A.B. asks: 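Take this structure first; my questions come after.
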Amino acid sequence: MEGYNPNKIENKWQKKWEDLGIFKAEDDSKKPKKYILVEFPFPSGDGLHVGHCRGYSAVDTLTRKKRMEGYNVLFPMGWDAFGLPTENYALKTGIHPTKVTEKNTANFKRQLKSLGISFDWDREINTTDPKYYKWTQWIFLKLFKKGLAYQEEMPINWCPSCKTGLANEEVVAGKCERCGALAEKKIKKQWMLKITAYADKLIDGLKKVDFPERVKTQQINWIGKSEGATLKFLISDSQFAIDVFTTRPDTLFGCSYLVVSPEHSMIQIQKHKIENYKEVEKYIEKSKKRSDLERTGSAKVKTGVELKGIKAINPANKKEISVWVADYVLPHYGTGAIMSVPAHDQRDYDFAKKFKLPITPVVFSEGKDKDLQKVFEGEGVAINSGEFNGLKTFEFKEKIIKWLEKDGVGKKAVNYKLRDWVFSRQHYWGEPIPIIHCSKCGIVPLTEKDLPLELPYIEKYEPTETGESPLANVSEWMNVKCPKCARSAKRETDTMPNWAGSSWYFLRYADSKNDDVFADFDKLKYWLPVDVYNGGMEHTTLHLLYSRFWHKFLFDIGVVPQDEPYQKRTSHGMVLAEDGRKMSKSLGNVINPDNIIEKYGADSLRLYEMFMGPFDQAIAWSISSVVGMRRFLEKVYKLSEKCSRDSDTLNNLDLERLVHQTIKKVTEDIENFKFNTAISQLMILVNEFEKYPKISIDYYQLLLRLLSPFVPHITEELWEKSGNKESIFLEKWPEYNAKLIKAKKIILIVQINGKVRDKIEAEADISEQDAKELTLSSEKVKKYTEGKEIKKIIFIKGKLINIVI
RNA sequence: GCCGGGGUGGCGGAAUGGUAGACGCGGUGGAUUCAAAAUCCACUGUUCGCAAGGACAUGUGGGUUCAAGUCCCACCCCCGGCACCA
C-alpha cells in the first residue's frame, strides 16, 4: 500500500469539495441553521499567520461537525481591507492601495484554501468594495439622522517635524516613530459616534448572551458605570462654579482642595485671576506631550501646580479650599475635575503629601487602621462631618445628595468610563464620510441615492501638512455644489476608521450580493444571530463593543430582527514564537504556514494547532510537536491495513466501552472548544486499536468520522479507500450509548488521613458497608491502622474511601 | 497605574474539592539495520533505599477541609487590553 502523502491528497480533496459545493449555505432549507463566524482578517502583506490558523482550524472543526449533525451551516469569509498598514505600504512602494489589497487578499485566499477551511466562498465580502461600503456609509447617515454622529474638537497626535498626524501606534514612548521628534497633540474638529448613549443597553445585553465571563467582565469594566453625584464648587468672589463627579459624596467634608485637568475650560475663563498663569501655562504645555497612560500611570510621582489667586468653596462646610491643575486628572472622565479627599483616596493622598495639603479623615471603621499614615478607601461611619456624624456610608450618601440638591449645589449622577467613539481618520485608505459642508446650510448629509460615495482613485495620498486627510488635496473631488442651495461647498475629507466596516459585516454575509438593501430582512431573520463567533481576546473591548453598539442601533431603527448580534463568543489565545515571545518580523521568528503545509501537510498543522494546549490560552509554537501530529496521522493511515470484515473486536466489551467514551468525549469537547483533550482521547483510542492484530472496519470508520472535522483531508481519503463513494462530510456524526460507558469494576482508592495507601479492585456500585469491610481487611491498611483509633471513615461512592486515624 | 487572564516534570499540557503529571514532545536503554533514518518495545517528576517501601512536589507565604493544583487571604512573576494597529 502506498504511504501517506499529504500534499497529493490535500490538493485532490480541496478541489473535489469545491466541485461538489458541499459547504454552501442554503437560504431556504428544512434543516435547522447554525451561523458560525470567525473574525475576518486584515489582509496584511505578511500573509496568513499561524495564529490565524488556530482560530480558523477550530471553527472549521466545529462547523464540519455541525454539518454532520444535520445543520444548515453558514460559515463565510471576507476581508477587512481598509487600514493604515496598507496605506503606509503603498506610500513606501508607490503601489496603489487597491493593488496592494488585491494582491494580499489573493494570497490570503490561497492560503486559507490550502488549509482546507470549509468556507462558503460564494458569500465573500470586502470592506473596500464600493458595493459593500455603500452600506457602511448608509449606516453612518442613519446614525447622523438620529443625532448619534456629531462633530467635536478632539486632539490628534501630531509630529511637528514630519508635519503629519500619527496613529497611537506610531507614537513610541512619546516620540514620532519615523523621525524621533517629540509628538504633540493638535486639536481638530472630528466626527464622533455617541456610543455612550448605548452604555446601559450594552451592559444589559450581556445578560442574555453566552460570552466567557472574562469577556463580560472586561466589557462591563470598560463601560465602567458608576453611580454617585455631581457637585458644584463655587469659586470665591465669582458666579463661576466647578463641577466635579464623585462616587463618594459622603466624604465631602474631607475634601481639602480641587484638581482640574490641564484641558479644563475654567483655566482659560479664569485666566485673568490666576496670579501664576505663566507657570500654569508651562505646565499645560508639558502635559500636552504626555499620553493618558503616562499621565495616570507614572505611579506615585504626582505633578501639579496651584492656581494661585483662585479659591473654591466646599459646599458642605463652606471652607475656602485651594484649586490645582494636575495631569493625572483626565479631561474626558467625569467632568474633568475632581474633589480631593486625601484621607480616603490613595492618589489624592499621594498628591496631598507631596504638596503638603491638609488631610482630614471623615470615615471611621471599626477594626480598620485608624492610623493617619494610611488611606482608608472602604465604607464605615462618618466623623468630622458636622450634623452627619454617625451615619453609615450608604445612608450618608443618600442624605447629603438630598441636602445639596436643596441648595442647588449637587445632584445624583451616573458616570461612565466609556467615551464616545472618535470616528474620523485623516487618511486616504478608508470609507469617505458622506457629508458636505456648506457655508450657508452647514452640515449636509448625502442622500441614500448618492451612495456609495466612492473613494477617488488618486496617485498621491501623502498626508497633508495641515493634518487634514490626503483627500483635502483632491480639489476636483472635494469641491462640490451644496445639494441644498447649490452654492459651492466642500466634502468632508476625513475617512472612517477600520472599525467601521467590521462593525456590521456579519449581516452582509446573510445576503452578500443584494444591491437594494444591506441584507434582506427575512434572510437576516433566518440566519441571525450569529450562533458562535470566534476571535482574538484583543478585540474584547473595541471591535466587540463597537459592533454590538451598531447592531443595537440597527435594531432600534427596525432594520435587524434582534438586538444582540452574537449568541456565543469564543476567543483563541495567541500563538507565540518558539522562544515564547511574540512573532514579529523584526525578531525574525515568524512561522509561515505555507512552509509547514508543504513539509508536513495541512492536516498535521491543523491538528497541532488544536492539540497545542487550551484553546483560549497563549501558547508557544513547537515544531517537534507538529512532527508528533504527523506521526499520529501516519499511524491512522497504517491502521487501515488492519481493517477486517470479521467483527472480533466488536465483541470486546472493554474496547466497546472505550469507543463509546471516545464518542462522548469528542462530541462534548468540540462543542466546548476543548480540542486538545478531544484529540488526546482519539490518540488513546488509536493506541488501543494498535494493540489488536485486526480491527473491525466499523470501528475504523467510526474513528475516521470522529477525526474528520480535525483532519478533513486524510480522513476523506481513507474513507474513500475503505470503500465509500460519498464524502465523509455527508455522513452522520456518531452517537454514543450511555449505558455502554459505565464500567462494572472500579479501582477503589484507599486513603489514610488523606494519603493514598492502597488501591483495591471492587464492584462499581459497592456499598459503604462492603467497602469498609473490604478496606479494613487489606494488609496494607492494617499496617497503618494497627493500634490506632479510627475516628472517622469518609466514603465517596464508586471512587474513594478515606480512613481518619 | 487601571481592567482581564495565567503560573503544574526537561518542554506543551491533563486533572466535577477525591489516585497530581492523561495525551504529545524530548531523553535513556533495547530490537530491527552493513549503517543510518523510519518503525517497534521498555523506562522516564525529584529524592532516600539493594529492595520492599518511604519522603518531597502544582510561583511564594498563610488559612479553610477528612482531603486543596482546584476554595479563601496576602505577595511575586509573566501575558493581553488601555480607546487613531487591526
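Keep in mind that what you see is a predicted model, and the values were worked out from it rather than measured. Every chain is numbered from 1, with letters handed out A, B, ... down the list of sequences.
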A.B. asks: Does a distance-only test, which skips hydrogens and angles, find a donor-acceptor pair under 3.5 Å between the side chain of A/Glu177 and the base of B/C85?
C.D. replies: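 Looking at the base of B/C85, it does not pair with any donor or acceptor on the side chain of A/Glu177 (distance under 3.5 Å).
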A.B. asks: Can A/Glu609 and A/Ser57 be counted as having a side-chain donor-acceptor contact under 3.5 angstrom?
C.D. replies: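 No, because no side-chain N or O of A/Glu609 sits under 3.5 Å from a partner of the opposite role on A/Ser57.
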A.B. asks: Please tell me if A/Arg630 has a side-chain N or O lying less than 4.0 Å from either OP1 or OP2 of B/U39.
C.D. replies: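 Result: no.
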A.B. asks: Grab the CE-P distance between A/Met629 and B/G13 for me, whole Å please.
C.D. replies: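 It is 13 Å, rounded to the nearest whole Å.
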A.B. asks: Any side-chain N or O of A/Lys635 under 4.0 Å from OP1/OP2 of B/U39?
C.D. replies: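 For B/U39, OP1/OP2 do not have a side-chain N/O of A/Lys635 under 4.0 Å.
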A.B. asks: Could you check whether A/Phe611 gets within reach of a base, just the sugar-phosphate, or nothing at all, counting any heavy atom under 4.0 Å?
C.D. replies: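 The answer is base, as A/Phe611 lies within the cut-off (heavy atoms under 4.0 Å) of a base atom.
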A.B. asks: Which whole number of Å gives the distance between the P atom of B/C23 and that of B/G45?
C.D. replies: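 That atom pair is separated by 13 Å.
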A.B. asks: Calculate the interatomic distance between A/Lys189 atom NZ and B/C84 atom P; express it in whole Å.
C.D. replies: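 Checked: the NZ to P distance equals 20 Å.
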A.B. asks: Side-chain N or O of A/Asn687 less than 4.0 angstrom from OP1 or OP2 on B/C23?
C.D. replies: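 Checking A/Asn687 against B/C23: no side-chain N or O falls below 4.0 Å of OP1 or OP2.
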A.B. asks: Please report, rounded to the nearest Å, how far the C1' atom of B/C82 is from the OH atom of A/Tyr328.
C.D. replies: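 After rounding, the reported distance stands at 20 Å.
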A.B. asks: Quick one: which of B/A83, B/A86, B/U16 gets closest to the side chain of A/Arg419?
C.D. replies: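 Of the candidates, B/A83 comes closest.
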A.B. asks: Identify which nucleotide among B/A14, B/C56, B/G24 has an atom closest to any side-chain atom of A/Lys755, counting heavy atoms from C-beta outward.
C.D. replies: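 Of all the options, the side chain of A/Lys755 is nearest to B/C56.
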A.B. asks: Are OP1 or OP2 of B/A67 and a side-chain N or O of A/Asn802 less than 4.0 angstrom apart?
C.D. replies: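 For B/A67, OP1/OP2 do not have a side-chain N/O of A/Asn802 under 4.0 Å.
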A.B. asks: So, A/Tyr328 versus A/Arg347: side-chain donor-acceptor pair below 3.5 Å or not?
C.D. replies: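 No, A/Arg347 and A/Tyr328 have no side-chain donor paired with an acceptor closer than 3.5 Å.
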A.B. asks: Pick the P atom in B/U16 and in B/C84, then give their distance to the nearest Å.
C.D. replies: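 Looking at atom P only, B/U16 and B/C84 are 41 Å apart.
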A.B. asks: When the distance from NZ of A/Lys780 to C1' of B/U19 is rounded to whole Å, what number comes out?
C.D. replies: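 These atoms are roughly 13 Å apart.
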A.B. asks: Around atom NZ of A/Lys175, are there more than 12 heavy atoms from other residues, nucleotides or ligands closer than 6.0 Å?
C.D. replies: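 Atom NZ in A/Lys175 is not crowded, with 12 or fewer foreign heavy atoms closer than 6.0 Å.
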A.B. asks: Contact class for A/Asp616 (heavy atom, under 4.0 Å): base, sugar-phosphate, or nothing?
C.D. replies: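 It contacts nothing in the nucleic acid.
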A.B. asks: Between atom NZ in A/Lys674 and atom P in B/A22, what is the gap in whole Å?
C.D. replies: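 One finds 17 Å between P of B/A22 and NZ of A/Lys674, rounded.
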A.B. asks: Using the side-chain heavy atoms of A/Leu542, tell me which of these nucleotides is nearest: B/C85, B/A83, B/G80.
C.D. replies: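 Selected nucleotide (nearest to the side chain): B/A83.
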A.B. asks: Take the protein atom CE of A/Met612 and the nucleotide atom P of B/G24, then report the distance between them rounded to whole Å.
C.D. replies: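 After rounding, the reported distance stands at 17 Å.
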A.B. asks: Can you label the angle between the A/Tyr428 ring and the A/Tyr461 ring as parallel, tilted or perpendicular, going by 30° and 60°?
C.D. replies: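 Answer is parallel, since the angle falls under 30°.
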A.B. asks: Out of B/A83, B/A14, B/C66, which nucleotide sits closest to the side chain of A/Pro614?
C.D. replies: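 So the nucleotide nearest the side chain must be B/A14.
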A.B. asks: Please state whether the phosphate of B/A83, meaning OP1 or OP2, lies under 4.0 angstrom from any side-chain nitrogen or oxygen of A/Tyr416.
C.D. replies: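 Looking at the OP1 and OP2 atoms of B/A83, neither is under 4.0 Å from any side-chain N or O of A/Tyr416.
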A.B. asks: Using the C1' atom as the reference point in each nucleotide, state the distance between B/G69 and B/A14 in Å, no decimals.
C.D. replies: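 My reading of the C1' atoms in B/G69 and B/A14 gives 11 Å.
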A.B. asks: A/Arg631 side chain N/O closer than 4.0 Å to the phosphate oxygens (OP1, OP2) of B/C25?
C.D. replies: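 The answer is yes; a side-chain N or O of A/Arg631 sits under 4.0 Å from OP1 or OP2.
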A.B. asks: Taking the minimum atom-to-atom distance to the side chain of A/Val756, which one of B/C23, B/A86, B/A20 wins?
C.D. replies: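 When the side chain of A/Val756 is considered, B/A20 is the closest of B/C23, B/A86, B/A20.
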A.B. asks: State which of B/G12, B/A14, B/A83 makes the closest approach to the side chain of A/Thr677.
C.D. replies: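 Shortest atom-to-atom distance from the side chain points to B/A14.
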A.B. asks: Please say whether the positively charged group of A/Arg569, taken as NZ for Lys or CZ for Arg, lies over the ring of A/Tyr533, i.e. under 6.0 angstrom from the six-membered ring centre and within 45 degrees of the axis.
C.D. replies: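 Output yes; distance and angle both within limits.
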A.B. asks: Considering only atom C1', compute the distance from B/A35 to B/A22 and round it to an integer number of Å.
C.D. replies: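 Taking atom C1' in both B/A35 and B/A22, they lie 38 Å apart.
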A.B. asks: In terms of side-chain heavy atoms of A/Gln218, which of B/C3, B/G18, B/U19 is nearest?
C.D. replies: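 That would be B/C3.
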A.B. asks: In whole angstrom, what separates A/Asn753's CG from B/A68's C1'?
C.D. replies: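 From A/Asn753 CG to B/A68 C1': 16 Å.
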A.B. asks: Assess whether one donor atom and one acceptor atom, taken from the side chain of A/Gln751 and the base of B/G18, lie less than 3.5 Å apart.
C.D. replies: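 Pair found.
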A.B. asks: Measure the acute angle between the ring planes of A/Tyr505 and A/His543, then classify it against the limits of 30° and 60° as parallel, tilted or perpendicular.
C.D. replies: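 Ring orientation, 0 to 90° scale: tilted.
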A.B. asks: Taking atom C1' in both B/A36 and B/U46, compute the distance separating them and give it to the nearest angstrom.
C.D. replies: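 Each nucleotide's C1' atom is 36 Å from the other's.
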A.B. asks: With a 4.0 Å limit, can you tell me whether A/Lys792 has a side-chain N or O closer than that to the phosphate oxygens OP1/OP2 of B/C66?
C.D. replies: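 Checking A/Lys792 against B/C66: at least one side-chain N or O falls below 4.0 Å of OP1 or OP2.
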A.B. asks: Please tell me whether A/Asp350 and A/Gln346 have a donor and an acceptor in their side chains that are separated by less than 3.5 angstrom.
C.D. replies: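 A/Asp350 vs A/Gln346: donor-acceptor pair found between side chains.
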A.B. asks: Which of these nucleotides, B/A86, B/G4, B/A22, is closest to any side-chain atom of A/His539?
C.D. replies: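 Output: B/A86.
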A.B. asks: Can you tell me if the side-chain N/O atoms of A/Arg425 get under 4.0 Å from OP1 or OP2 in B/C84?
C.D. replies: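 Result: yes.
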A.B. asks: Return the nearest nucleotide to the side chain of A/Lys417; candidates are B/C23, B/A83, B/A15.
C.D. replies: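 For A/Lys417, the side-chain atoms sit closest to B/A83.
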A.B. asks: Looking only at the side chain of A/Ile796 (C-beta and beyond, no hydrogens), which of the listed nucleotides B/C84, B/G18, B/G80 gets closest?
C.D. replies: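 Per side-chain heavy atoms of A/Ile796, the pick is B/G18.
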A.B. asks: In terms of side-chain heavy atoms, does A/Trp191 have a donor or acceptor partner in A/Glu152 at a distance below 3.5 Å?
C.D. replies: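 No, no side-chain donor-acceptor contact under 3.5 Å.
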A.B. asks: To the nearest Å, how far apart are A/Trp429 CH2 and B/A86 C1'?
C.D. replies: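 Whole-Å distance recorded here is 16 Å.
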